[in-house]
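Below is one structure; the comments refer to it alone.
Within every chain, numbering begins at 1; the chains are lettered A, B, ... in the order of the sequence lines, protein sequences first and strands thereafter. Hydrogens, waters and symmetry mates play no part in the numbers below; they use all other heavy atoms, side chains included.
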Amino acid sequence: MDIDPWGHYFPNRQWNGEVRRRCGEIKYQLQDGTTLEIPFPADDSAPSPELDYRQWKKDAGTGEEIGPQVRVAGRIVLMRPTGKLVFLKLRDWTADIQILIGKAQVGDRDFELAGNFDLGDWIGVDGRLGRTNTGELTVFAENLHFMCKTLETPPEKYLGLTNTESRLRQRYLDLTYNEGVMDTFMARTKIVQSIRNTLTGRGYCEIEGPTLHTIAGGAAARPFMTHHNALDMPLVLRIALELHLKRLLVGGMERVFELGRVYRNEGISTRHNPEFTMMEAYEAFGNYEVMMDLTEQIVLDALAATGQSTKINWNGLPIDFTPPFQRRTYNDLFQECAQVDPEDDDAIARLAVHLGIEATGKHPDVIKSEVFEHTVEDKLAGPIFVIDYPASICPLTKRKTSNPQVAERFELFIHGMEVANAYTELNDPILQEELFRTQLEGQADEDSMAKMDTDFVLALRNGMPPAGGLGIGIDRLVMLLTDSKSIRDVVLFPLMRNQAD
RNA sequence: GGAGGCGUAGCUCAGUCGGUAGAGCAUCGGACUUUUAAUCCGUGGGUCGUGGGUUCAAGUCCCACCGCCUUCACCA
């Protein structure tokens, strides 16, 4: 075979999906020179079940279909050779399209080439768009272009690749051969793009902060540890975006956000991956009320960007995103779900013991928070903003002027999942230093907050404008908007252990 | 880390009471100019996750380990 299998250049390619949309251009030409319209809707790629295409063709008289000249490229996912004809199903990331290769039409040389095609090969085809006798939209090949060979056997043509481990370790096969996988990840990019558009549309600028930190701050999580050789300095991977974005507020970036990866050295589950994507946005002169409105807008825009209405299903459960989302105070929900007076620390401690929570030596608000997680969070079908948290569990949040025991914070819950977390940012350096110090007491060394971030306090001493701050877990939002049960379905390459030999 | 499930051909899966390792698809060879998971004829393909143990004999029973899934724990 004198065809270079690795070097064919194939410019000006049209996507298979676009080619399929052109099927309305096909004319059925009769022998007397007149033409008939093909009796299919222009956007319909499948034959109409009511119509017997063979019979229609017979009734219409002998003639031929003349479609536009098209050029397609993709991977061969199905091959049906029948003597001197070969039917292929060609797949690109927009759609599948059938190719018909006839020996008389493409010539001996290209037909010999077609005889060497394997499932999984990448090829390009020049030809005319038309319909076969059964009515299927097809490119009738005139020239073949061989692009790349696959050396591995593809998955089973009907059942696909179902083994979970193989799907994750060989995501490229999952993307190509399993229905809906590509759609989910395309939806993810649309959601991410939509979030950027929403924020930049409101005057935000996007920045890239450092991922290597000397102190892992902005959240309570165990960090991954690493080391810089030339500086002989221990470093940690960031667990949140917060503290550097606030430094930028100090510097005068009045609306700033980052959308990027954070790393937490903790357990793995259907809702946790060690590295995940977070979006944090900070708006000077805003507060948590402003951030609630922004959160709604981000979610609604993302729904629109993925072509969905405000009423969707997740995991068989309905979600109604019709704004405004419900807003309930922490204490109200506590009273309602835990059936205990949210002000009665003793009663809460008794309930904690009853629930099997270790209560001794903990701050009453910490106990309250754990009781809240046990009794309230699972019941929050949402979308619901839980607002006004106990101040002592919110070290980076501004207190209500009317009640310093309450922090201006909200979390957005949907079906028990925490999707967003936001507050009116604390910009009092004296109080911030004091709260860091309080956090230090009784905390284990590996806990990230157990280090005084004097550099951040110094930043605050230079004056941070009052601001609202918002964090959204992108992976969880994508899970909800793509009806995905597991975070592994929305992370292209989730962390896996070394493969067994 | 605890509990439960799973691991057999490239893929999807059977494998009985412990007694010669099986099927479909895919591969390879042949026939076929309108197929739709094409069809028909023929063909090759295995360290049964890894390592031990019991036994005359282990894919099967026992132990340890590796990996994946679920669930709990952990998790601002």
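We find that OH of Tyr158(A) is positioned 14 Å from P of rA26(B), with the value rounded to whole Å. Going from atom CG of Asp96(A) over to atom C1' of rA37(B) covers 13 Å, rounded to whole Å. Across the protein-nucleic acid pair, His272(A) atom NE2 and rC69(B) atom P stand 15 Å apart, rounded to whole Å. Distance OH (Tyr330(A)) to P (rA76(B)): 13 Å, rounded to an integer number of Å. Computed from coordinates, the Met79(A) CE to rC25(B) P distance equals 15 Å when rounded to whole Å. Rounded to whole angstrom, the span from the CD atom of Gln105(A) across to the P atom of rU34(B) amounts to 11 Å. Separating the CG atom of Leu159(A) from the P atom of rC25(B) is a distance of 12 Å, rounded to the nearest angstrom. Regarding Leu173(A), its CG atom lies at a distance of 21 Å from the P atom of rC25(B), rounded to whole Å.
For the P atoms, the distance from rG53(B) to rG67(B) is 24 Å, rounded to whole Å. When the P atom is compared between rA37(B) and rG1(B), the two are found 47 Å apart, to the nearest whole Å. Across rA3(B) and rU47(B), the matching C1' atoms stand 32 Å from one another, rounded to whole Å. Between rA23(B) and rG44(B), the two C1' atoms lie 16 Å apart (nearest whole Å). A gap of 12 Å separates the C1' atoms of rC25(B) and rA9(B), to the nearest Å. rA26(B) and rG18(B): their P atoms are spaced 36 Å apart (whole Å). Atom name P, nucleotides rC65(B) and rU12(B): the rounded distance is 28 Å, in whole Å. Comparing the same atom, P, in rC11(B) and in rC48(B) gives a spacing of 15 Å after rounding to whole Å.
Residues passing the salt bridge (charged side-chain N to carboxylate O under 4.0 Å, His left out) test with Arg91(A), sequence neighbours excluded: Asp96(A). For Glu425(A), the salt bridge (charged side-chain N to carboxylate O under 4.0 Å, His left out) partners two or more places apart in sequence, or in a different chain, are Lys246(A). Residues passing the salt bridge (charged side-chain N to carboxylate O under 4.0 Å, His left out) test with Arg261(A) are Glu275(A), sequence neighbours excluded.
Here the nucleotide nearest the side chain of Lys157(A), chosen from rA76(B), rA38(B), rU12(B), is rA38(B). Closest to the side chain of Glu156(A), from the set rC25(B), rU34(B), rC75(B), is rC25(B).
Scanning residues 80-88 of chain A for heavy-atom distances under 4.0 Å to RNA chain B yields Arg80(A), Pro81(A), Thr82(A), Gly83(A), Lys84(A), Leu85(A), Phe87(A).
Across all strands shown, Glu266(A) has heavy atoms under 4.0 Å from sugar-phosphate atoms exclusively, and none from any base. As judged by a 4.0 angstrom heavy-atom cut-off over every strand, Thr164(A) is placed among residues touching the sugar-phosphate backbone only. Using a 4.0 Å heavy-atom cutoff across all strands shown, Gln98(A) reaches at least one base atom of the nucleic acid. Heavy atoms of Thr270(A) sit under 4.0 angstrom from primed sugar atoms or phosphate atoms, though from no base atom. Arg167(A) comes within contact range of no nucleotide atom at all, as no heavy-atom separation falls under 4.0 Å. Residue Ala104(A) is in base contact, counting any heavy-atom pair closer than 4.0 Å across all strands shown.
Between Tyr423(A) and Asn133(A), the residue whose closest nucleotide on RNA chain B is further toward the 5' end is Asn133(A). The nearest heavy atom of RNA chain B to Leu161(A) and to Phe140(A) marks one nucleotide each, and the one closer to the 5' end goes with Leu161(A).
The phosphate of rU70(B) has OP1 or OP2 within less than 4.0 Å of a side-chain N or O from Arg488(A). For Thr162(A), a side-chain nitrogen or oxygen approaches OP1 or OP2 of rC13(B) to under 4.0 Å.
A salt bridge is absent between Glu336(A) and Lys379(A): the closest approach of a Lys/Arg side-chain nitrogen to an acidic carboxylate oxygen does not fall below 4.0 angstrom.
Atom CG in Asp174(A) sits 7.0 Å away from atom CG in Leu168(A) (nearest 0.5 Å).
Between Phe410(A) and the options Phe325(A), Phe385(A), Tyr330(A), a ring-ring contact (aromatic ring centres under 6.0 Å, His included) holds for only Phe385(A).
Sorted by first and then second residue, the side chain to side chain donor-acceptor pair (under 3.5 Å) pairs with a member in residues 381-393 of chain A read Tyr288(A)-Asp388(A), Asp365(A)-Ser392(A), Tyr389(A)-Glu411(A); sequence neighbours excluded. Applying the side chain to side chain donor-acceptor pair (under 3.5 Å) test to residues at least two apart or on different chains, the pairs with a partner in residues 76-88 of chain A are Arg80(A)-Gln98(A).
Phe413(A) has its side chain within reach of Glu418(A): a pair of non-hydrogen atoms, C-beta onward, lies under 4.5 Å apart.
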